[in-house]
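Remember, it's a predicted structure, so these values are computed and weren't measured experimentally. Excluded from the calculations below are hydrogen atoms, water molecules and symmetry mates; all remaining heavy atoms, backbone and side chain alike, are included.
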Amino acid sequence: MASSLATFEEQDPKAVINSPRSLQACKQEGVLPQELIYKPVEAFQEKNLSPRLVKLRYDFFEAKRRDLLAASRRARDALLADERRDRESSNHQLAMVAKESGLSKGAVLALNSDGLKQERQKLLRAQESERNWLKSALNAELNQLKALEKANSYMVSEASNNDEAVREASRKLKALNDKRAAEEERKQMEMEARQKLEKQLAKEEFHKQQLELEKKREKEAAEQRAAYQRQVAEAERKIQIEREKQAKREEEYRQLEARKDEMRAQDQRRLDIQAQKKDAYDVVMAEKKEARDMRIYNSIQANMEIENKRREDFEKKQSEEQAREERLMQALAIKQEESAKRSFQTMMKRKVIQEQAQRKAEERRSAILDQQEETEYRLMEHEQKKERYLDFKRELDGLRGKNKEINVERQRRREEAEREAVADAVKKKDEKIDHLNAERQRMWDLRKAAQSEAYRAREAVKMEIMRQRIESKFDSKRLENKLGTLLQSDMFSAKILQTSNSMPSLKHSQSQSSQQVSQEA
């Protein structure tokens with residue numbers, strides 16, 4: 001079943017477009033039918049391709065498919081409108097006549113052109129003039145034969161009554177006949193001279209028309225040669241333009257490849273610089289971390305040394321105080337207890353302060369490590385975003401190049417379709433010119449044949465009259481019948497045009513089609 005651009009299922013990946021009008025519309029737009037078939041997202045998936053790039057490819061090709069489908073449908077609507085106009089105009093009758101006759105439309109138009117109509121009218125006028133001339137010449141011969149027949153019958157009737165009278169009458173009749181014969185001969189000579197003059201004038205007119213037609217043919221041939229030369233020059237110019245376009249496309253493609261190579265080199269250099277920066281950053285961070293740990297360790301050692309020194313000082317003071325207390329034990333028992341409590345509180349405060357300092361140092365170290373991890377994570381995320389952006393950019397550049405290639409290929413197919421349309425039009429015009437020249441040549445042959453037939457008819461009548469004179473048996477009715485038969489020949493009527501290869505006129509075919517429609521109704 002034929003599927004057209006208007007009826008096929010757009011979301012079916014297995015749909016097929018095979019109607020002739022849809023294929024013609026696709027050819028005019030430079031679109032392949034398979035480019036209009038829907039492709040699902042799965043058709044664009046690849047092994048190492050991210051879903052985002054798959055969706056990008058799908059959106060691009062789907063939008064391109066819809067654009068091509070819209071253009072093809074517009075071309076199909078234009079074809080339908082042209083066909084509708086052709087059916088409403090006289091082109092429909094022209095197509096019907098061409099279908100019935102088996103000829104092309106160009107041949108039908110050539111055979112029904114105004115030039116051939118004028119040629120047919122000239123042929124009919126020439127036939128009429130030849131027929132009138134032959135009729136006048138043959139009537140003159142017939143009148144002469146009737147006069148001879150009448151004189152012969154009169155002589156036979158008078159011979160039975162009186163031989164003398166017959167002889168006298170025959171002598172008078174002979175004299176009269178001689179006189180009439182001389183007069184008839186003179187008239188015949190004048191008529192022949194006049195006919196020769198008319199024939200010479202007709203021949204000169206015929207030669208003049210032939211010369212005019214020959215000049216017209218030469219002019220048409222020169223115009224055709226000039227048109228052919230223009231077509232050849234135009235074709236060469238288009239070929240040169242196509243070559244320049246091809247060279248320009250190749251140059252653009254080379255520049256694009258050079259830009260792509262340069263971008264790849266820049267990306268590689270950028271990646272190398274980033275790797276170097278990252279390594280340098282890691283080294284600096286490691287050094288900073290080591291220095292920070294060293295500072296923390298030195299601080300802890302210094303604190304411990306200070307605390308040990310304080311403890312030693314405290315123990316020393318305690319020993320001194322103990323010695324003093326031993327001397328003043330009783331007097332200062334209460335004071336010693338208070339002093340011990342204060343020293344214990346001080347020691348506990350120092351211990352708490354030390355623990356707080358250690359906890360703050362650990363928290364600061366953890367914060368620095370967390371900040372470093374967060375920085376590394378941000379750098380890695382930035383690199384991933386950058387890599388995704390570069391992949392997206394490369395895919396977008398590839399899709400742009402693909403779009404350009406599709407447009408170039410589509411333009412090439414459109415130009416190819418236009419060249420084929422021009423070649424078909426030239427072929428139809430050549431066919432029309434060939435049929436036109438063949439029909440003109442046939443009409444000239446008919447005119448020559450009509451002249452030859454008129455000459456042969458007159459010679460046949462003369463031979464019949466001569467035969468009756470020799471036999472002295474005059475029969476004017478037989479000659480009249482023969483004249484009627486000769487004058488009713490198809491060579492001297494419009495029936496000769498009906499035996500040609502020319503087509504019936506469009507008006508006649510239109511009337512026939514209207515009659516058929518009325519009969520069907």
Side-chain angles (χ1 to χ4, degrees), residues 1-41 43-44 56-89 91-92 95 104-106 231 234-253 256 395-429:
M1 181 178 179
S3 178
S4 65
L5 292 171
T7 60
F8 86 105
E9 186 63 31
E10 292 188 21
Q11 302 299 325
D12 187 7
K14 297 181 179 180
V16 178
I17 301 173
N18 53 7
S19 66
R21 190 181 295 108
S22 298
L23 294 177
Q24 180 66 24
C26 292
K27 186 176 181 181
Q28 286 184 1
E29 289 298 322
V31 179
L32 296 176
Q34 55 268 24
E35 293 179 353
L36 304 179
I37 305 303
Y38 173 75
K39 291 182 180 180
V41 182
F44 301 97
L56 177 64
R57 286 187 181 180
Y58 169 76
D59 293 339
F60 167 76
F61 283 103
E62 180 65 16
K64 192 67 177 178
R65 184 186 72 86
R66 292 183 178 277
D67 293 339
L68 296 178
L69 182 60
S72 301
R73 283 177 173 173
R74 286 195 297 271
R76 180 179 178 274
D77 295 337
L79 288 175
L80 287 173
D82 294 338
E83 291 178 1
R84 195 178 298 111
R85 284 195 298 271
D86 291 339
R87 285 196 298 269
E88 292 175 356
S89 62
N91 290 331
H92 182 57
S104 62
K105 293 183 180 180
Q231 291 177 358
E234 183 67 18
E236 291 178 354
R237 186 180 67 80
K238 288 183 178 180
I239 291 171
Q240 185 64 27
I241 292 173
E242 186 67 24
R243 289 175 180 171
E244 292 177 357
K245 288 182 179 179
Q246 185 65 27
K248 187 175 180 181
R249 288 195 292 269
E250 292 177 356
E251 182 65 25
E252 290 178 354
Y253 178 76
L256 180 62
E395 184 66 23
L396 191 60
D397 292 337
L399 292 177
R400 286 174 181 171
K402 184 67 175 176
N403 185 30
K404 190 173 183 180
E405 291 176 2
I406 292 172
N407 292 333
V408 169
E409 186 66 20
R410 181 187 174 195
Q411 183 65 24
R412 184 189 64 77
R413 288 194 291 265
R414 289 179 66 181
E415 291 176 356
E416 185 68 23
E418 290 177 359
R419 284 195 293 271
E420 290 179 1
V422 172
D424 292 338
V426 171
K427 183 178 179 181
K428 289 179 181 179
K429 288 183 179 180

Pairs where residues 18-33 contributes a residue and the test salt bridge (charged side-chain N to carboxylate O under 4.0 Å, His left out) is met, not counting sequence neighbours = R21-E83, K27-E420, E29-R410
ask   = What pairs of residues pass the ring pair (Phe, Tyr, Trp, His ring centres under 6.0 Å) test when at least one of them lies in residues 61-83, not counting sequence neighbours?
value = F44-F61
Any residue meeting side-chain hydrogen bond (donor to acceptor under 3.5 Å, both in side chains) with E9, in chain and number order, not counting sequence neighbours = none
request  = Give the C-alpha distance, both sets of side-chain angles, the deciding distance and a yes or no for side-chain contact (heavy atoms from CB on, under 4.5 Å) between V31 and R65.
outcome  = CA-CA 10 Å; V31 179; R65 184 186 72 86; over 6 Å; no
ask   = Would you call K245 and E242 a salt bridge, using N to O less than 4.0 angstrom?
value = no
key: Interatomic distance, L23 atom CG to N18 atom CG [nearest 0.5 angstrom]   = 7.0 Å
key: Residues forming a side chain to side chain contact (heavy atoms under 4.5 Å, CB included) with D397, sequence neighbours excluded   = M263, K393, R400
Just list the side-chain donor-acceptor pairs under 3.5 Å for residues 70-79, sequence neighbours left out, or say none.
from, atom 1, to, atom 2, distance (Å)
S72, OG, L68, O, 2.9
R73, NE, L5, O, 3.0
R73, NH1, E10, OE2, 3.0
R73, NH2, L5, O, 3.0
R73, NH2, E10, OE2, 2.8

key: Salt-bridge criterion met for R412 and E415 (N-O under 4.0 Å)   = no
remark   = By salt bridge (charged side-chain N to carboxylate O under 4.0 Å, His left out), E405 pairs with (sequence neighbours left out) none
ask   = Could you state the interatomic distance from CG (L399) to CD (E395), rounded to the nearest 0.5 Å?
value = 4.5 Å
key: For Q246, side-chain hydrogen bond (donor to acceptor under 3.5 Å, both in side chains) partners two or more places apart   = R249
task = To the nearest 0.5 angstrom, please state how far the CG atom of L69 sits from the CD atom of E62.
result = 9.5 Å
query = Can you name the residues that form a salt bridge (charged side-chain N to carboxylate O under 4.0 Å, His left out) with E252, not counting sequence neighbours?
reply = K404
request  = Could you pull out all residues at least two apart from K429 that satisfy salt bridge (charged side-chain N to carboxylate O under 4.0 Å, His left out)?
outcome  = none
ask   = Do R414 and E418 meet the salt-bridge criterion of a basic N to acidic O distance under 4.0 Å?
value = no
task = Output all residues satisfying side-chain hydrogen bond (donor to acceptor under 3.5 Å, both in side chains) with Q231, sequence neighbours left out; order by chain, then residue number.
result = none
ask   = Does Q240 reach the side chain of E236, with side-chain heavy atoms less than 4.5 Å apart?
value = no
note = With sequence neighbours left out, the residues meeting salt bridge (charged side-chain N to carboxylate O under 4.0 Å, His left out) with R243 are none
ask   = Under 4.0 Å between a Lys/Arg side-chain N and an Asp/Glu carboxylate O for K248 and E251?
value = no
Check: residues 34-41 side-chain donor-acceptor pairs under 3.5 Å, at least two apart:
from, atom 1, to, atom 2, distance (Å)
E35, OE2, R413, NH2, 3.3
Y38, OH, Y58, OH, 3.1

